[in-house]
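Next up is a structure, given as structure tokens.
Note that the numbering runs from 1 along the sequence shown for the chain. Values reported hereafter were calculated over all heavy atoms of this structure, with side chains retained and with hydrogens, waters and symmetry mates removed.
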Amino acid sequence: IEITEALLTNDGKTYRARQIRCDVVNGTAVYRLQFKRLTVFRNCRVTLTVNGERKTVDIQRNLLDR
């Protein structure tokens, strides 16, 4: 799996990841994405380009479902 781009959409604005890091832990790839520091989160989504295909994760909804 290769993530080549990560975009965070928050409150109508889009931020490109400053850094994308990958570590392998016990045979599992763990990606760490670094974005601009934000203090307010509204309608958050992360769009990842994984192996050339775009995938969107609704962060806000996933946090509310906890």
- Residue that, paired with Phe41, satisfies side chain to side chain contact (heavy atoms under 4.5 Å, CB included) out of Asn43, Thr39, Leu38: Leu38
- Item | Contacts of type salt bridge (Lys or Arg N to Asp or Glu O under 4.0 Å), residue Lys36, not counting sequence neighbours |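 Not a single residue meets the salt bridge (Lys or Arg N to Asp or Glu O under 4.0 Å) criterion with Lys36.
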- Item | Distance (rounded to the nearest 0.5 Å) between Asn51 CG and Ile3 CD1 |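 Reported value, rounded in 0.5 Å steps: 9.0 Å.
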Extract all donor-acceptor atom pairs below 3.5 Å that involve side chains of residues 5-17 and protein atoms in other chains or at least two apart in sequence.
residue	atom	partner	partner atom	Å
Glu5	OE1	Thr49	OG1	3.4
Glu5	OE1	Arg54	NH2	2.8
Glu5	OE2	Arg16	NH1	2.4
Asn10	OD1	Arg42	N	2.8
Asn10	ND2	Val40	O	2.8

- Query: If you round to the nearest 0.5 Å, how far is CZ of Arg21 from OH of Tyr31?
  - Reply: 12.5 Å
- Value for CG (Asp58) from OG1 (Thr47), rounded to nearest 0.5 Å, stands at 10.0 Å
- Task: List in chain and number order the residues that pass side chain to side chain donor-acceptor pair (under 3.5 Å) with Glu53, two or more places apart in sequence or in another chain; answer none if no residue qualifies.
- Result: Lys55
- Note on the structure: The reported gap from CZ in Arg32 to CD1 in Ile20 (rounded to nearest 0.5 angstrom) is 14.0 Å
- Item | Partners meeting side-chain contact (heavy atoms from CB on, under 4.5 Å) with Asn26 (sequence neighbours left out) |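 For Asn26 there are no side-chain contact (heavy atoms from CB on, under 4.5 Å) partners, ignoring immediate neighbours.
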- Message: Test question: given the 4.5 Å side-chain rule for I, L, V, M, F, W and Y, name all other residues clustered with Val30, or answer none.
- Response: Val25
